[in-house]
Amino acid sequence: MAYYFTETSHTFNEYLLVPGYSSSECIPANVSLKTPLVKFKRGEEPAISMNIPMTSAIMQSVSGDRLAVALAREGGVSFIYGSQSIEDEAAMVAKAKAYKAGFVVSGSNITPDGTLADILALKEKNGYSTVAVTSDGTESGKLLGIVTGRDYRVSRMDPATKVSEFMTPLSSLVVAGADTTLKQANDIIWDNKLNSLPIVDNNGNLKYFVFRKDYDAHKSNPNELLDDQKRYVIGAGINTRDYAERVPALVNAGADVLCIDSSEGFSEWQALTLKFIREKYGDTVKVGAGNVVDRDGFMFLAEAGADFIKVGIGGGSICITRETKGIGRGQATALIDVCAARDEYFEKTGVYIPVCSDGGIVHDHHMTLALAMGADFLMLGRYFARFDESPTNRIAMNGNYYKEYWGEGSNRARNWQRYDLGGDKKLSFEEGVDSYVPYAGPLKDNVNLSLSKVKSTMCNCGALSLPELREKAKLTLVSATSIIEGGAHDVIRKETSVGTIK
């Protein structure tokens, strides 16, 4: 006879936090959201901690190199999607790591024989307004000049105009040598009133750009997450099929942490992947595993050597695993169960393995609920897919803007490795949908707003840190009627009313 869980499976929307005593010190400015990303022993510090409890999902429509940099600037970690060739994923990781402390590898490059039309196409494709003109059109060719928005006027120029005719030539540029420090580069920028400074080697080959805006961004991002070489901390997704080739390539590209991307982690496939990494790299390569939804799944991956463990099956906004396969568990119940197992494992072994809540976050207050239930950090897909920095197109529909968003189990993604059960190398059926999400603007503004709500709620609970929140939080289940009561009700809202009430 099948085993039956006695507790009903619950979602975040079925819980509320009950306020606790707040001292005069409990103000959002005093709240720390620092949290461990990887496992550590009692009394020791984790090898990697995050300054905010946010990671981005391992998805084609979410985590590219642009979002990886943007999220690291805010203090979180993005896991660049692995459902692409090994070479392309490694290149994305390397590109994100190249944003080292303001030294940026040129993202848009052209030869002098290119045209204004080519410049406009590059800007549309990459979003960069500064284009390097090099002898061979590569990011490391001999620098001949640059093109910015000040060098041309689209309305008054022929699109066929050669780049050589309107670029700012090398002779008119201020450049610096390869041994220039970031401080020296910024001094040159300010002294010469520049927007960018090309860094070249002794042969005149382009190495980097340093931008004025990055100096300002650095000062305005006190939480930015950097490695010991002042490069952004970047994660990357792997699968349980080609890990022997993919993992070394990602490590060589500079990935700080890896994560097995799988719909279900309680399997020998994940154990074999973790075994390979431990035998080849020991504990120097950090790798998360999952997803699981109960104590048994957590204990399995903990013993297999995971550095963090993801919780959640079927709770994502584009996931239809529960609908198609009847597998999963309410995200709140799964998280509570797994976090209890984490604490049990910590008491028994002295090793703390962080838990990542993956899926089920619909509203900002769900983030606080997940953290109160025990999650060390969250993995978010739909949330980040809405922002400028996600890799997808922005589309206008019916007067509003949207971003494309599709599941890794959809036919569009064709990420069969994520759902691999050892059969043919294909998707037998879809476990994700292809969709749109409302466009929300830049990542920074939205993340700051969401986390301000988290901090405010933590203060209502009398907590100034995430461990303190887990200790002091009081949670209550709510009825369907209570959920209705929690929103605006029994009034005519102004923005939805017809005409004006006088």
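Heavy atoms from other residues, nucleotides or ligands lying under 6.0 Å from CD of Glu44 number more than 12. Counting non-hydrogen atoms of other residues, nucleotides and ligands closer than 6.0 Å to CG of Asn192 gives a total above 12.
Legend: residues meeting side chain to side chain contact (heavy atoms under 4.5 Å, CB included) with Ala68, ordered by chain and number and at least two apart, are Ser78, Ile80, Ala96, Ile234. Remark: Glu468 engages Lys472 in a salt bridge (charged side-chain N to carboxylate O under 4.0 Å, His left out) (not counting sequence neighbours). Listed by chain and residue number, Asp187 satisfy the salt bridge (charged side-chain N to carboxylate O under 4.0 Å, His left out) test with Lys183 (two or more places apart in sequence, or in another chain). Applying the side-chain hydrogen bond (donor to acceptor under 3.5 Å, both in side chains) test to Ser267 and every residue at least two apart in sequence or in another chain returns nothing. Taking Lys453 as the reference, Asp364 meet the salt bridge (charged side-chain N to carboxylate O under 4.0 Å, His left out) condition, with sequence neighbours excluded. Remark: Tyr345 engages no residue in a side-chain hydrogen bond (donor to acceptor under 3.5 Å, both in side chains) (not counting sequence neighbours). Scored by the side chain to side chain contact (heavy atoms under 4.5 Å, CB included) test, Arg42 finds Phe346, Glu347 as partners (sequence neighbours excluded). Looking at residues two or more places apart in sequence or on another chain, you find no side chain to side chain contact (heavy atoms under 4.5 Å, CB included) involving Glu45. Among residues two or more places apart in sequence or in another chain, the side chain to side chain contact (heavy atoms under 4.5 Å, CB included) test is passed with Thr392 by Ser61, Ser390, Lys403, Glu404, Trp406. Applying the salt bridge (charged side-chain N to carboxylate O under 4.0 Å, His left out) rule to Arg66 yields no partners; only residues at least two apart in sequence or on another chain are considered. Under the side-chain hydrogen bond (donor to acceptor under 3.5 Å, both in side chains) criterion, Asn109 pairs with Ser106, sequence neighbours left out.
In this structure a side-chain-to-backbone donor-acceptor pair under 3.5 Å is missing from Glu303 to Phe300. For the pair Ser450 (side chain) and Val447 (backbone), a donor-acceptor distance under 3.5 Å is absent. Checking side-chain atoms of Asn393 against main-chain N and O of Ile395 turns up no donor-acceptor pair under 3.5 Å. Formation of a donor-acceptor pair under 3.5 Å by the Thr138 side chain with backbone atoms of Thr134 is not found in this model. Of the possible polar contacts, one joining the Asn446 side chain to the Ala440 backbone as a donor-acceptor pair under 3.5 Å is found.
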Could you give me the CA-CA distance, side-chain angles and deciding distance for Asp307 and Arg278, then say whether salt bridge (charged side-chain N to carboxylate O under 4.0 Å, His left out) is met?
CA-CA 11 Å; Asp307 283 294; Arg278 294 294 169 242; 2.5 Å; yes
Worked check of side chain to side chain donor-acceptor pair (under 3.5 Å) between Asp242 and Asn239:
CA-CA 7 Å; Asp242 64 10; Asn239 62 69; 3.0 Å; yes
CA sep, side-chain torsions, deciding dist, call: Leu301, Phe298, side chain to side chain contact (heavy atoms under 4.5 Å, CB included)
CA-CA 5 Å; Leu301 291 178; Phe298 175 89; over 6 Å; no
Under the side chain to side chain donor-acceptor pair (under 3.5 Å) rule, what do Thr115 and Asp118 come out as? Steps first, then yes or no, please.
CA-CA 5 Å; Thr115 65; Asp118 296 328; 3.2 Å; yes
Could you give me the CA-CA distance, side-chain angles and deciding distance for Tyr352 and Arg342, then say whether side chain to side chain donor-acceptor pair (under 3.5 Å) is met?
CA-CA 7 Å; Tyr352 187 93; Arg342 173 202 59 202; 3.2 Å; yes
Residue pair Asn448, Glu74: steps toward the side chain to side chain contact (heavy atoms under 4.5 Å, CB included) verdict:
CA-CA 8 Å; Asn448 287 342; Glu74 300 307 312; 3.5 Å; yes
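Side-chain contact annotation: Ser196 with Thr130, donor-acceptor N/O pair under 3.5 Å absent. One side chain, Arg73 or Tyr232, offers a donor N or O that lies under 3.5 Å from an acceptor on the other. In the model, Asn221 has a side-chain atom that pairs as donor or acceptor with a side-chain atom of Lys444 under 3.5 Å. Checked by atom type, the side-chain pair Lys34/Asn51 shows no donor-acceptor distance below 3.5 Å. Between the side chains of Arg382 and Tyr405, no donor-acceptor pair is found at a separation under 3.5 Å.
Val104 places none of its side-chain heavy atoms less than 4.5 Å from the side chain of Tyr208. The closest side-chain heavy-atom distance from Leu274 to Ile260 is below 4.5 Å. At least one side-chain heavy atom of Pro248 sits under 4.5 Å from a side-chain heavy atom of Tyr281. Counting only heavy atoms from C-beta outward, the side chains of Val133 and Thr111 never approach each other to under 4.5 Å. At least one side-chain heavy atom of Leu466 sits under 4.5 Å from a side-chain heavy atom of Leu33. Looking at Leu170 and Val175, their side chains come closer than 4.5 Å, going by heavy atoms from C-beta outward. Put simply, the side chain of Leu67 reaches to within 4.5 Å of the side chain of Leu443, judged on heavy atoms. Side-chain atoms of Val247 and Ile277, non-hydrogen and from C-beta on, do get closer than 4.5 Å to each other.
Taking all atoms of both residues into account, the shortest heavy-atom contact from Ala306 to Ala289 is CB-CB, 3.8 Å. Of all the heavy atoms in Val233 and Asp256, the pair that sits closest is CA-OD2, 3.2 Å. Among all heavy-atom pairs drawn from Phe377 and Thr35, the shortest one is CB-CG2, 4.2 Å. Residues Gly82 and Ile58 approach most closely at N-CG2, 3.9 Å, considering heavy atoms. For Val174 against Pro198, the heavy-atom pair with the smallest separation is O-CD, 3.3 Å. Taking both residues in full, the closest heavy atoms of Pro391 and Val62 are given as CD-O, 3.1 Å, listed atom of the first, atom of the second, then distance.
Screening Gln270, Glu264, Lys310 for a side-chain hydrogen bond (donor to acceptor under 3.5 Å, both in side chains) with Asn291, the sole residue that qualifies is Lys310.
Salt bridge status for Asp136 with Lys142: absent, with no side-chain N to carboxylate O gap under 4.0 Å. Between Asp227 and Lys97, at least one side-chain nitrogen of the basic residue sits less than 4.0 Å from a carboxylate oxygen of the acidic one, meeting the salt-bridge criterion. A salt bridge links Asp376 with Arg470: the closest approach of a Lys/Arg side-chain nitrogen to an acidic carboxylate oxygen falls below 4.0 angstrom.
The distance between the ring centers of Phe211 and Phe209 falls below 6.0 angstrom.
With a 6.0 Å cutoff to the six-membered ring centre and a 45° limit on the axis angle, Arg386 counts as a cation-pi contact of Tyr383.
Contacts classified as side chain to side chain donor-acceptor pair (under 3.5 Å) and involving residues 167-180 (residues at least two apart or in different chains) are given here: Asp151-Thr168.
Using cut-offs of 30° and 60° on the angle between ring planes, the pair Tyr439 and Tyr401 is perpendicular.
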